[in-house]
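Just the heavy atoms: all of them, side chains too, but no hydrogens, waters or symmetry mates, feed the values below.
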Amino acid sequence: QVQLVESGGGLVQAGGSLRLSCAASGRTFSRYIMGWFRQAPGKEREFVGANSWSGGSTTYYADSVKGRFTISRDNAKNTVYLQMNSLKPEDTAVYYCAAKWGNSRTFNPRWNEYDYWGQGTQVTVSS
C-alpha cells in the first residue's frame with residue numbers, strides 16, 4: 001500500500017510558476033512510476049507527465065506542458081515534484097500524483113493504469 005500526499009497548489013497569475021510536491025509512504029518508492037495528472041471542471045482526467053526510475057530514469061510529458069513543466073524525484077525523501085513554469089489559464093485544474101509499480105517498459109499515460117492516488121491539489125491560473 002502506498003499513500004500519496006500532494007502539496008504546493010495555489011493561485012498564480014499567468015506566466016508565473018508553482019512547484020507541487022508529492023510525498024509517498026513506503027520503502028520501495030524507487031520501484032514506482034510516479035505520474036502527475038490533472039482534471040479541470042467538466043473535463044476528463046488527463047496525463048501531465050511521469051517519471052520512471054527503476055532500470056534507469058525516464059521522464060515523459062504531455063505535449064501541452066512540454067518545455068514548461070519539469071518532473072523530478074528525490075528517492076531518499078520519497079518525494080516527486082512537478083515544477084510548473086510559464087503557467088497559462090488553461091493549466092487551471094486539480095492536480096493529482098499517482099503511483100504505478102513498474103519501469104519504462106510498463107509505462108502507460110492512461111490514468112486508470114495507476115494504482116495509488118493522492119487527494120489532489122488545486123492550481124488556479126488567473127489571466
Val123 vs Met84, side chain to side chain contact (heavy atoms under 4.5 Å, CB included): CA-CA, chis, key distance, verdict: CA-CA 10 Å; Val123 171; Met84 303 184 293; 3.8 Å; yes

Donor-acceptor contact below 3.5 Å, side chain Gln119 vs main chain Val5: no

Report all side-chain donor-acceptor pairs from residues 12-31 shorter than 3.5 Å, counting only partners two or more places apart or in another chain.
{"unit_1": "Ser17", "atom_1": "OG", "unit_2": "Asn85", "atom_2": "OD1", "d": "2.9"}
{"unit_1": "Ser25", "atom_1": "OG", "unit_2": "Gln3", "atom_2": "N", "d": "2.8"}

Hydrophobic cluster membership, Ile33 vs Trp117, 4.5 Å side-chain cutoff: yes

Any donor-acceptor N or O pair under 3.5 Å, side chains Asn51, Thr59: yes

Which atom of Asn108 lies closest to which atom of Arg110, heavy atoms considered: OD1-N, 2.9 Å

ILVMFWY network linking Val48 to Val80, side-chain heavy atoms under 4.5 angstrom: yes

Hphob cluster co-occupancy, Trp36 + Trp101, side-chain heavy atoms under 4.5 angstrom: yes

Heavy-atom side-chain proximity of Met34 to Arg73 below 4.5 angstrom: yes

In one Ile/Leu/Val/Met/Phe/Trp/Tyr side-chain cluster, 4.5 Å: Leu4, Leu82: yes

Verdict with supporting geometry, Trp53 and Asn103, side chain to side chain contact (heavy atoms under 4.5 Å, CB included): CA-CA 7 Å; Trp53 185 266; Asn103 55 40; over 6 Å; no

Taking every non-hydrogen atom, the tightest pair across Lys100 and Thr106: CE-O, 2.9 Å

Thr124 side chain to Leu11 backbone, donor-acceptor under 3.5 Å: no

Closest approach of Phe107 to Ala50 (non-hydrogen atoms, all atoms of both residues): CE1-CB, 3.7 Å

List the atom pairs, with distances to 0.1 Å, where a side-chain N or O of residues 87-95 and a protein N or O form a donor-acceptor pair under 3.5 Å, not counting sequence neighbours.
{"unit_1": "Asp91", "atom_1": "OD1", "unit_2": "Arg38", "atom_2": "NH1", "d": "2.9"}
{"unit_1": "Asp91", "atom_1": "OD1", "unit_2": "Arg68", "atom_2": "NH2", "d": "3.0"}
{"unit_1": "Asp91", "atom_1": "OD2", "unit_2": "Arg68", "atom_2": "NH1", "d": "2.7"}
{"unit_1": "Asp91", "atom_1": "OD2", "unit_2": "Arg68", "atom_2": "NH2", "d": "3.4"}
{"unit_1": "Asp91", "atom_1": "OD2", "unit_2": "Lys88", "atom_2": "N", "d": "2.8"}
{"unit_1": "Thr92", "atom_1": "OG1", "unit_2": "Pro89", "atom_2": "O", "d": "2.9"}
{"unit_1": "Thr92", "atom_1": "OG1", "unit_2": "Val125", "atom_2": "N", "d": "2.9"}
{"unit_1": "Thr92", "atom_1": "OG1", "unit_2": "Val125", "atom_2": "O", "d": "3.4"}
{"unit_1": "Tyr95", "atom_1": "OH", "unit_2": "Arg38", "atom_2": "NH1", "d": "2.9"}
{"unit_1": "Tyr95", "atom_1": "OH", "unit_2": "Asp91", "atom_2": "O", "d": "2.6"}

Within the 6.0 Å centroid threshold, strictly below: Trp111 and Tyr96: no

Shortest non-hydrogen contact from Thr58 toward Ser104: OG1-CB, 4.0 Å

Proximity of Phe47 and Tyr60 rings by center, below 6.0 Å: no

Spatial distance of atom CD (Gln1) from atom CG (Asp115) [nearest 0.5 Å]: 10.0 Å

Common cluster, Ile71/Phe69, ILVMFWY with side-chain heavy-atom separation under 4.5 Å: yes

